[in-house]
Protein chains: 2
Amino acid sequence: MAKHINLNRLAYFTAVVETRSFTAAAQRLSTTKAVVSQQVARLEEEIGTTLLIRTTRNVHATEAGLAFYARCITILREAEDAFDALAERAVKPSGLLRITATFDYGISVIVPKIAAFTALYPACEVDLSLSDERIDLVSSNIDMAIRVGWLSDSTLQARRIDSFRQILVASPQMAPAVSHLDSPRALETLPFVANSALRHPLHWNFSHGEDDPIAVRLRAAVSIDATLGVLAAVQAGAGLSVLPDYIAAPLIGSGELIHVLPDWSLPIGGIFVVFPAARYRPAHARAFVDLLSTPAKRCYCR
Amino acid sequence: MAKHINLNRLAYFTAVVETRSFTAAAQRLSTTKAVVSQQVARLEEEIGTTLLIRTTRNVHATEAGLAFYARCITILREAEDAFDALAERAVKPSGLLRITATFDYGISVIVPKIAAFTALYPACEVDLSLSDERIDLVSSNIDMAIRVGWLSDSTLQARRIDSFRQILVASPQMAPAVSHLDSPRALETLPFVANSALRHPLHWNFSHGEDDPIAVRLRAAVSIDATLGVLAAVQAGAGLSVLPDYIAAPLIGSGELIHVLPDWSLPIGGIFVVFPAARYRPAHARAFVDLLSTPAKRCYCR
DNA sequence: ACATACTGTATGTATTTTCTATACAATGGG
DNA sequence: CCCATTGTATAGAAAATACATACAGTATGT
């Protein structure tokens, strides 16, 4: 068996056959005739067959050369098509985009974005997986994950696409107990719905203007490991809790929740999009991130 | 438009997809994993798309990579077929073999050889062009020419496959005039049929044993430019002439011609097969030359 | 839990291949 | 017969590839 086949030489050979000239072939390939001559010579050497008969004035293919040429052009045509298809895919978003996001942010922010995205790029399909677990992007073949809070795993490529405020809320039925509060200290005796998905569900730093933040340790009446569950508990009157603005703001606006201690603020969190460690991002992923990064016209608080 | 496509990288990529491992792919290609890694990385760089997602423990193709892989395997399969077809053609004689030969030698020697050749290689067809002219092998797309005598054109590749004696003959009806001759000198007054296809149709050097040859200049009663025409003239009694042994011997054996001055010999000529200046000879041409070179069991003179 | 073996990648160097820039022999046209 | 043009040859430069090794990360086996 021959060592290895060098497919790159096929292009030189076909160019010579088609132009019936080494010089013209060199021009078409924008190289020199010496290179074309050498490449074709090596091709013939590799396959041990004379493909072209050259005189100083004329070039034409042998019988074997003609048969080989016929195969070459289909091979080259197919290769070109394959590369073109990739290039098109790289430029024009298409195909299936697999996303994972947390329940809360996914439902309230990502789903509307996806709707806008598929309207913009009809060639794209989106598969959204809502889960608060940290799924392995590679083994699940996921193009991007939307993660809320603070990044822990640093091996993956991430990009901050948004930030969120955390808001202390209560149900309107608790208004009598919370509307007169003027310091976070007073919260320590009130029932609190803990979000056990957080790293420190009961420890909160409240800031007021330029003053130093006040660290408060709350008392968990209920612990739930999903933000939307916390919301339900709060709405059911189980206690106060902290919710991200993208959840709380609409409900505060509609009066379904009340903003407790509105002059005090909690740390700002980040929304990150995380990618598998791929060198080149597919076009649909790039396009979706662009859409995510465009400033939404939402203005939850204030 | 991208610079240039390097088709050689496709083999590396497909090997990784099929083995699901860079290491295994390297083994299959009998190279190192570092090379495979680099080649695939460059392929991805060239096309600007991530084809494979690698973790330290696992490799699998992206959506784009899978689509590209599907195209790659057909391309590689076709290329392999194309090269295999060439190799087979180089090994197993097949296809059309174009030969040109002189009328005389062609008819008396080549045609029987061709019959044997096509019987031996049923996949071969032979196109024999009988002509005493020196045809241009390249422009006529001829695989080999059988030439008789002495080579003049040295740019072509040639190989001596046979030699022939030249025999002074006459028709039996001239026997009274020639049977008593004992020296070539006596020929100068006899009618001679000149073969004007030769370079010096009337000038002949007769040798006798170890003596110096005797140069004789003959008188052309008739000039004909084809050996078979000369034969016909001789048989018609137009005069003496010199014929190659492969023509004369059978006729002498059957008594249709007589050998004049049988103790004197004329220069030995060569039979040459001439090829176009191709580096690699097609298999059917090689096989035919092999057949030509096998010593025929003919023994015309003596 | 921890050592281990194995993964893919990175790096530096050697080797091969390809390119560039000539010069050259051969050939056909004017 | 001169001259332009053909394909090839050659040497040196540049690039690509191969090789050997080292490394970081992670499954696996105990």
Side-chain angles (χ1 to χ4, degrees), chain A residues 3-13 15-17 19-46 50-62 65 136-139 153-157 276-280, chain B residues 3-13 15-17 19-46 50-62 65 136-139 153-157 276-280:
Chain A
K3 262 295 285 183
H4 260 262
I5 293 173
N6 193 327
L7 294 182
N8 292 333
R9 308 201 205 283
L10 304 190
Y12 293 92
F13 168 64
V16 174
V17 172
T19 60
R20 274 182 279 277
S21 151
F22 279 70
T23 308
Q27 279 182 333
R28 180 204 280 192
L29 302 173
S30 55
T31 180
T32 64
K33 51 185 182 167
V35 170
V36 178
S37 172
Q38 190 197 36
Q39 290 296 317
V40 173
R42 293 208 180 178
L43 175 62
E44 291 181 314
E45 189 183 333
E46 283 171 3
T50 300
L51 298 172
L52 298 172
I53 297 204
R54 315 109 152 109
T55 60
T56 48
R57 212 66 193 173
N58 226 355
V59 175
H60 51 102
T62 63
D136 179 18
L137 299 191
V138 241
S139 65
D153 185 358
S154 63
T155 75
L156 300 170
Q157 301 180 16
R279 254 170 262 257
Y280 302 97
Chain B
K3 262 297 285 185
H4 258 263
I5 293 172
N6 193 328
L7 294 183
N8 293 332
R9 307 201 205 283
L10 304 191
Y12 294 92
F13 167 65
V16 174
V17 172
T19 61
R20 275 182 276 277
S21 151
F22 279 71
T23 308
Q27 279 180 334
R28 180 203 280 191
L29 301 173
S30 54
T31 180
T32 63
K33 50 186 183 168
V35 170
V36 178
S37 173
Q38 189 197 35
Q39 290 296 316
V40 173
R42 293 206 179 179
L43 174 62
E44 291 179 315
E45 189 183 333
E46 282 171 2
T50 298
L51 298 172
L52 298 171
I53 298 205
R54 319 109 151 108
T55 61
T56 48
R57 212 62 194 175
N58 226 354
V59 175
H60 50 101
T62 63
D136 180 13
L137 299 191
V138 223
S139 65
D153 185 352
S154 63
T155 76
L156 301 169
Q157 301 180 14
R279 253 170 264 255
Y280 302 97

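Residue numbers start from 1 in every chain, and the chains themselves are labelled A, B, ... in the order their sequence lines are given, proteins ahead of strands. Hydrogens, waters and symmetry mates are skipped; everything else that's a heavy atom, side chains included, is used.
Put simply, CG on A:N58 is 12 Å from P on D:dT8, counting in whole angstrom units. Rounded to an integer number of Å, the gap from B:R42 CZ to D:dA18 C1' is 11 Å. A straight line from CD1 of A:I5 to C1' of C:dT17 spans 18 Å, rounded to a whole angstrom. Rounded to a whole Å, the CD atom of B:E45 is 14 Å from the P atom of C:dT9. Here C:dT11 presents its C1' atom at 11 Å from CD of B:Q38, a figure rounded to the nearest Å. Spacing between atom CZ of A:R54 and atom C1' of D:dT8 amounts to 9 Å, rounded to whole angstrom units. When rounded to the nearest whole Å, the span between CD of B:E46 and C1' of D:dT17 equals 13 Å. One interatomic measurement links the two molecules: CD of A:Q27 to C1' of C:dC19, which rounds to 17 Å at whole-angstrom precision.
When the side-chain nitrogen and oxygen atoms of A:S37 are compared with OP1 and OP2 of D:dA9, none of them lie within a distance under 4.0 Å. Close to C:dT17, at under 4.0 Å from its OP1 or OP2, lies no side-chain N or O of A:R9. The side chain of A:S21 contributes an N or O atom lying less than 4.0 Å from OP1 or OP2 of D:dG7. An OP1 or OP2 oxygen of C:dT20 is reached within less than 4.0 angstrom by a side-chain nitrogen or oxygen of A:T31.
Closest-nucleotide positions on DNA chain C for A:V35 and B:R20 were compared, and the one nearer the 5' end corresponds to B:R20. Both A:F22 and A:N8 sit near DNA chain D, but only A:F22 has its closest nucleotide nearer the 5' end.
Of the candidate nucleotides C:dT9, D:dA18, D:dG7, C:dT9 has the atom lying nearest to any side-chain atom of B:K33. Of the candidates C:dG8, C:dT22, C:dT18, the closest approach to any side-chain atom of A:A34 belongs to C:dT22.
When heavy atoms are screened at a 4.0 angstrom cut-off, A:V59 is found touching the sugar-phosphate backbone but no base atom. As judged by a 4.0 angstrom heavy-atom cut-off over every strand, A:T32 is placed among the base-contacting residues. Heavy atoms of B:Q39 sit under 4.0 angstrom from primed sugar atoms or phosphate atoms, though from no base atom.
Checked by atom type and distance alone, the side chain of A:T31 never pairs as donor or acceptor with a backbone atom of A:A26 at under 3.5 Å. For B:T19 (side chain) and B:A15 (main-chain N/O), a donor-acceptor pair under 3.5 Å exists by modelled atom type. Under a 3.5 Å cut-off, the side chain of B:E44 and the backbone N or O of B:L52 do form a donor-acceptor pair.
Note that CG of A:L29 and OG1 of A:T32 are 10.5 Å apart. Values are rounded to the nearest 0.5 Å.
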- Evaluate side-chain contact (heavy atoms from CB on, under 4.5 Å) for B:R42 paired with B:N6, printing each intermediate quantity in order. CA-CA 9 Å; B:R42 293 206 179 179; B:N6 193 328; over 6 Å; no
